[in-house]
Amino acid sequence: MFNKVLVANRGEIAVRILRACRELGMETVAVYSEADRQALHVRYADEAYLLGPAPSRESYLRGDKIIDIAKKAGVGAIHPGYGFLAERADFAQAVIDEGIAFIGPKPSSIAAMGDKGVARATVTAAGVSVVPGTEAEGSLSDDDLLKIAPEIGFPLLIKATAGGGGKGMREVSNLDEMPVLLLSARREAESAFGDGDVYLEKLVEGARHIEFQILADTHGNVIHLGERECSLQRRHQKLLEESPSPFVDEELRQQMGEVAVRAAQSVEYINAGTIEFLVDSDKKFYFLEMNTRLQVEHPITEAVTGVDIVKEQIRIARGRPLKHSQAEIQMKGWAIECRINAEDPYDNFMPSTGYISHMLLPTGPGVRVDTGVYPGFEISPYYDSLISKLIVYGETRAEVILRMRRALEEYKIVGVRTNIPFHQNIMDSLRFMAGQFDTQFVEKRFSMERADRGRESYPHIAAIMATLVAHQRTQRSAHVIQRNERDTSNWKWMGRWERIHR
Amino acid sequence: MKYITTLNEQEFNIEVLDEEYIVVDGVTYTVNFESVSGEPVFSLLLDGKSYDAYVYEGDEGWEVLLQGSLYPATVVDEREHRLRSAFGSGPVQSGEFYLKAPMPGLVVDIPVSDGHEVKEGDVLIILESMKMQNELKSPRDGVIARMRVNVGDNVERRQTLLSVV
């Protein structure tokens with residue numbers, strides 16, 4: 001049984017985990033890179049130790065250093081958060097080998113689900129259907145992939161074998177463009193995961209991305225906490241999630257939940273995990289992959305089930321049984337999460353870096369903000385662009401959409417551009433309100449310009465504000481010249497004037 | 001001061017009378033305008049109605065982000081407006097396009113080289129930032145000139161990477 005936890009992560013998720021530890025009365029240890037000395041997780045933890053230079057490879061990915069620090073600080077457990085080392089079986093094993101608890105699944109489960117090929121084979125054996133593809137055939141050369149592609153049929157997806165989070169993923173609509181896309185997918189996968197292996201998968205059109213949260217303890221109990229709707233994505237990066245899904249009824253929820261539990265059991269899963277499914281328009285669902293870690297979007301499930309998932313993770317790692325049985329889990333109300341990224345939606349979602357000079361957080365009923373930044377903090381180009389998560393909950397979906405609109409309008413971040421206007425447009429989109437969207441909605445049927453045109457507009461107010469700012473600017477510069485004149489002595493001024501007019 | 005402010009080809013004649021009153025297209029309003037939590041967030045009370053917006057200085061004029069919509073605006077004072085209409089305006093088509101880094105990052109690939117002919121939409125440079133690879137594309141047909149970076153370089157925001165002539 002441990003009472004001291006090291007959080008091997010940064011940003012909002014490190015803060016989230018520290019909060020859970022604090023509530024459980026546990027001592028905490030943070031690790032940080034040179035770029036993160038002033039980050040919130042360093043300030044919130046009881047102890048903090050430097051890992052190395054800013055790039056992840058030299059800091060947050062240095063499992064050896066993290067374990068050294070854990071030993072020196074005398075921690076009993078390591079929580080990996082998401083990303084970085086969270087889904088690295090070798091790291092989990094190394095932690096356990098040192099007699100430290102790993103707050104997550106067994107290394108063997110991570111390995112089984114981490115290799116997409118093994119994962120598909122395992123769940124297929126457990127009677128779960130998967131999307132057709134080459135994932136079970138190991139790593140193939142470009143020539144082989146180009147030969148197989150027409151058999152799978154277009155459109156299809158190139159996916160990174162070691163992948164996750166949409167990195168190294170490319171959509172291919174015909175054979176001609178495939179060689180170039182293969183090259184860029186491999187390059188991105190190589191840089192993100194150190195592994196350029198890719199596989200092909202059929203692209204299910206009009207599909208929704210729906211996932212189930214799983215909790216499993218060491219006593220053989222496995223439950224699910226219902227679904228999360230994650231179809232709103234751009235470049236396969238989730239932007240907004242909600243729970244429950246407007247597409248899922250009680251019958252489908254039960255079916256999918258049972259399959260999710262079975263998939264987790266097939267790898268003897270322990271701790272929190274997520275089973276991702278693709279669901280087509282006929283409500284036929286396919287296993288996509290399992291994320292063997294805490295998800296970014298876990299708070300919406302917490303909001304509708306009342307379960308604190310991170311605290312459950314810690315309880316499970318301490319060998320306790322789950323707090324709730326499946327029958328006790330009831331989804332109540334509705335929750336939506338908007339991922340606030342430092343990206344400019346008016347400039348093709350280009351990442352935006354810089355100092356956050358001011359920030360006003362939304363508050364009030366039904367609002368939760370998980371963030372790792374504060375005014376004065378610098379958003380650096382070294383890590384991903386997620387700066388905070390805005391989670392809103394209420395009784396009904398309609399109430400939550402209106403509440404989210406209100407909260408987004410309150411949220412002010414100054415210093416970097418954010419995708420808040422994108423979320424505001426989604427909240428105003430009729431298709432979103434009607435629940436009619438799939439994974440292609442953002443990229444194929446949504447544009448900021450069109451959305452901006454469709455909304456109630458205030459051009460005269462914008463004109464007045466631009467004019468007043470321009471006016472202030474003119475007044476200020478005029479003022480500076482006047483003061484300079486006054487500061488010069490009249491004798492000097494006369495002398496200059498005479499010389500000019502001679 | 002009188003200003004002519006243009007938004008999406010719509011012109012507004014706005015006169016700032018003093019700290020409290022402005023005239024917009026002949027209608028007088030009471031106005032109370034302050035920057036909150038420092039620039040660029042502003043609060044406007046217009047005849048008692050309250051509006052919050054970001055006002056940024058863009059490359060060409062101003063950008064107002066108001067209730068989730070972005071309004072690009074140009075503001076010129078009356079004298080400047082008269083001068084412009086007298087001499088004719090319209091930006092001159094410059095011969096050279098400078099590709100600038102939209103964000104700091106690492107140059108991971110340069111598929112083109114000096115003297116290379118490119119078409120509009122061709123990828124010129126791949127820049128990695130925040131773990132994403134971003135393809136910077138050519139805005140028009142032309143020839144690559146003055147390549148200023150190499151693969152593996154770290155670049156700053158707005159740094160010129162190459163030119164297309």
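These figures come from a predicted structure and were not determined experimentally. By convention in this document, chain letters (A, B, ...) are assigned in the order of the sequence lines, proteins followed by strands, and residues within each chain are numbered from 1.
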Checked B:I14, B:L70, B:V16 vs chain A; the most non-hydrogen pairs under 4.5 Å come from B:L70
Interface moiety of B:A53 toward chain A, non-hydrogen atoms closer than 4.5 Å: both
The side-chain contact (heavy atoms from CB on, under 4.5 Å) partner of B:M130 among A:N341, A:L386, A:I379 is A:I379
Does any backbone or side-chain atom of B:L44 lie under 4.5 Å from a heavy atom of chain A? Answer side chain, backbone, both or neither. both
For B:W62 and A:V469, which heavy atoms make the closest approach, and how far apart are they? CZ3-CG1, 3.5 Å
Taking side chain as C-beta onward, heavy atoms only, is B:Q10 less than 4.5 Å from A:P459? yes
Quiz item: cation-pi between A:R417 and B:Y56, 6.0 Å / 45°: yes
For the residue pair B:F12 and A:H460, is the inter-centroid distance of their aromatic rings smaller than 6.0 Å? no
At a heavy-atom separation under 4.5 Å, does B:I4 approach chain A through its side chain, its backbone, both, or neither? neither
Below 4.5 Å from any heavy atom of chain A, which atoms of B:Y3 appear? Answer side chain, backbone, both or neither. side chain
Can you tell me which portion of B:L65 sits under 4.5 Å from chain A's heavy atoms? Options are side chain, backbone, both or neither. side chain
One option among B:T74, B:L46, B:V55, B:L106 has the most heavy-atom pairs under 4.5 Å with chain A, and it is B:V55
Distance, nearest 0.5 Å, that separates CD of B:Q133 from OG of A:S184: 8.0 Å
Heavy-atom side-chain contact between A:M465 and B:Y54 under 4.5 Å: no
From CA spacing to verdict: side-chain contact (heavy atoms from CB on, under 4.5 Å), B:E57, A:R473: CA-CA 11 Å; B:E57 191 159 15; A:R473 180 73 59 89; 2.7 Å; yes
Just wondering, more than 12 heavy atoms not from A:E443 lying within 6.0 Å of its CD? yes
Going through the distances and angles, do B:V108 and A:E188 end up as a side-chain contact (heavy atoms from CB on, under 4.5 Å)? CA-CA 10 Å; B:V108 290; A:E188 197 169 283; over 6 Å; no
Where does B:V76 contact chain A at under 4.5 Å (heavy atoms): side chain, backbone, both or neither? neither
Which portion of B:D52 sits near chain A, non-hydrogen atoms under 4.5 angstrom: both
